Structures are given as structure tokens and as C-alpha cells.
There are 2 protein chains.
Amino acid sequence: MVSGRDRPGAQALPAGAAGRNGEAVAPTAAGAGFDLMVLRSMRRIIRCVDMYSKQLEMHSHVTAPQLICLLAIVERVSISAGLLAKEVHLSPSTIVGILDRLEEKGFVARSRGIEDRRIVHVRATDRGVALANSAPSPLQQRLADGLKRLPVDEQARIAEALERVVELMEAQHIDSAPILETGPLVRP
Amino acid sequence: MVSGRDRPGAQALPAGAAGRNGEAVAPTAAGAGFDLMVLRSMRRIIRCVDMYSKQLEMHSHVTAPQLICLLAIVERVSISAGLLAKEVHLSPSTIVGILDRLEEKGFVARSRGIEDRRIVHVRATDRGVALANSAPSPLQQRLADGLKRLPVDEQARIAEALERVVELMEAQHIDSAPILETGPLVRP
DNA sequence: CTGCGATCATTCGTACTGAAACTTTTTTTA
DNA sequence: TAAAAAAAGTTTCAGTACGAATGATCGCAG
């Protein structure tokens, strides 16, 4: 059961692995186990994504999440809010806020379904379509560029590694198993 | 920092992978370029991290960002707010909020510097130290476990790929070059 | 036809996130 | 030394994100 904080030494480690390993782990920044490295990387990535989103907003008047949604909408011409949520992997309640702002700025329009009045159909306006066609990639242009400059097999490796991580993370909460029974709080 | 590895291994890539140069926008989930795949993966990762954070909060009364900060504080015994921000890669304004909540719950204490009164020193309380020692990994336990179960070279590949992405993303906004001059807004 | 449960969107509350503006304090400059 | 600049933390503001609770609507059983 892994009691909480045993983390460090455990991880067998990266012996022959690519480079960085030798030293003994300390969950710190420096030479941690792969899991900690992955965590650090992910948080920095999150931060970058967020910062880029704000720059994007300055420039294009839409944030990255908004643009992602807009692209998904344009692509499908018309889509229900709930389906959109699934499509972009956000919760319905998050979608509402994004749609509110997108609508407020005149990029999309909502309309209640006629047949089934529960569902809300979302369409992009002309302005919305125009923006979708002209806005930069919702991903860092620079990351996209940087990525493109790498050898293709390196690109593939990166994409694959990320999907692997997603797999690992999503697998878990599908079989919504015991999430945290591993580490009791405040020391027994 | 780089890390020179060079592994052939090319894996199956998306069909006409050629990258998203040609087409205007939004290739869908399916056969998108690597950059889009990367983006999709990242957003799903972000979502998982967030969801885990909420479960962590239910269980341990701290969120992932809070725990990450707490761990960084405990490790250094005492640290200034600004340094902490750098350490965990968050902006100072974000740190303030996290510290507020951590302090409110009695896990850390802030005190103005005597020598230099601009500086705020943050220390963990006994409770904070106890929590840091008993809380589960700030990373999904399950991701950590899943990761551990993979072959070591796979782990290395994943960790490295992520660092590669971080490199690409952070490199950019250091030379804070033109962020978005690539795509003009709303159609000229 | 009535009512009950399921479904869809929304609202509400909380947390995280960073930029910009501001306050206080220290350091540098004139 | 007085004024200006720089530094540290905080506040303010807008956006993202989710779960829980609501409100509306649909579908189906009785």
C-alpha cells in the first residue's frame, strides 16, 4: 500500500537510462525519479500553455480554450453544448462560461433546439468563422514551429509519450477505483 | 540543457503527417499533425491533473498546487515568497493566494523579514510538516504507479519527451520574441 | 394523462492562474 | 541628503476549471 511519502528511494532507477540519474533522488528539483520529473514537466507545460493563452487573448481577443472550442464548433458547423464538452475534454460547466464569452464577443450563437428543447445548438457566426480561419494555432506557434523543426521520428516520439501519459492518467479514473487510499492523512 | 539522445525507432506516424503546413485550420482529432496531437494530449493531461487535485483536496484538505508549495517550503525550512514562486514555477500573484489558503488552514506561517522588511519568510508549522510527511504524492499515485510499471527505457523516453516540450515552450518566451505575428486577426 | 426518472444546460461556490497596478521598503543616483 | 529607481509582496481583475445543486424538458411506466 505504499504509505505516502516513501517515494524517493524506491524507484529503481534509470540505471542505463538516458543520462541523468546517478544521484539519489531527493524529491526535489534536481535528480528526482521519473515520476517527479514528469510532474515537474507537466506543471511547467501547464504554465506555458496558460501564459500563451493570455498573449493570444491580447492579440486575437480570444484565449486558447475559447479558440479550441471555436475551432471545434466551426468544424462541425453546429454542435450541442454537451457534445462540445466531450469533444474538447472539458466539463459542461466550463463550456458554459467559454460559450458565454464567445457569444458576448459575437463569435458564436446559441439556439435552443426545436425538436428537443433541452439541447442548445451552437453555431459560429461569420466573424467566428473568419477568426477560426485566421487565428494562429491554439498551440504555441513556437512550440508548433519548434516541433516541426525536429526530426519526424522525434516528433512522433514526443506525441506518443504524451499520449502514453494521458492513457495512464485517464485509465485510472475510468475504473474510478480508490483514488487515494494510499496515504493516510496526517500521520497515523 | 538538451540531452543528446538519438534513438531511431520511428513509430507509425499519422498518415499524411507532413505537418499542418498546408491546410488552414483545425484538423480534427483523428489524423491531425503532431502539434495538434500534442495539444490535445496536453489539455487532457491538464484536466487530469486538475481532477486529481480535487480528489486530493477531499482527502487531505490541500490541493495539488498547495501541496507542491508546502513540500517546497518544508524542504527548505524557510523560504521567501518570491523564491518559492520561482521554485515551483508559478507567478508571485498566484503564490499569494496559495499561501493565503495554506496559512488559513494553519499549515504555514508568514513573517516579515527583520533585516529587509520587504521580504516575507514562509515557514511550515508542525501541522504543515506532518502533512507534508504523510500526504500522498502530489502526482497521481496511479500515474506514478503506472509509470513505474513501464519498462525503464520507456519511462526515460516519456520523461525526456516532456522535458523536450518544456524546453521548446520555455525557450520561446525567454527571447520573448514576437509572439503572434504569424496570424493576423479577423481576416484582412 | 400523470408522474417519475433521466438528460441537458445552467448557476453557484471555490480554487488556480497570470498581468497590471499599487504599497512599502531598500538601493541607487544626482 | 533628497529624489529616482528597483525590488518584494500584495491587490485587483478576468479567465479557466470542476463538482454540486437547479431548472427545464423529455421519455416512459402506470
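Residue numbers start from 1 in every chain, and the chains themselves are labelled A, B, ... in the order their sequence lines are given, proteins ahead of strands. In this text the structure is predicted, and so the values were computed from the model without any measurement.
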Ser93(B), nearest nucleotide to its side chain (from dT25(D), dT12(D), dT17(C))
dT12(D)

Measure from the side-chain heavy atoms of Glu57(B) and tell me the nearest of dA15(C), dT16(D), dC16(C).
dA15(C)

Is Ile95(A) touching bases, backbone alone, or none of the nucleic acid, heavy atoms closer than 4.0 Å?
nothing

Out of dG15(D), dT10(D), dC16(C), whichever nucleotide has its closest atom nearest the side chain of Arg110(B):
dT10(D)

Taking for each residue the nucleotide of DNA chain C bearing the nearest heavy atom, is the 5' side occupied by Arg112(A) or by Met58(A)?
Arg112(A)

At less than 4.0 Å, is any side-chain N or O atom of Arg47(B) found next to OP1 or OP2 of dA17(D)? Yes or no.
no

Is Pro92(B) touching bases, backbone alone, or none of the nucleic acid, heavy atoms closer than 4.0 Å?
base

Hey, does the side chain of Thr94(A) come within less than 4.0 Å of dC18(D)'s phosphate (OP1/OP2), counting only N and O?
yes

If the cut-off is 4.0 Å, is Gln55(B) near the phosphate of dG19(D), judged by side-chain N/O to OP1 or OP2?
no

Want to settle it: does Gly82(A) or Arg43(A) sit nearer the 5' end of DNA chain C, counting the closest nucleotide to each?
Gly82(A)

So do Leu102(A) and Thr125(A) actually touch side chain to side chain, heavy atoms under 4.5 Å?
no

So what does Ser80(B) hit on the nucleic acid, given a heavy-atom distance under 4.0 Å: a base, only sugar-phosphate, or nothing?
sugar-phosphate

Just so I know, are the side chains of Leu84(B) and Leu99(B) near enough to count as touching, which here means a heavy-atom distance under 4.5 Å?
yes

What about Arg118(B), does its side chain sit under 3.5 Å from the base of dT24(C) through a donor-acceptor pair?
no

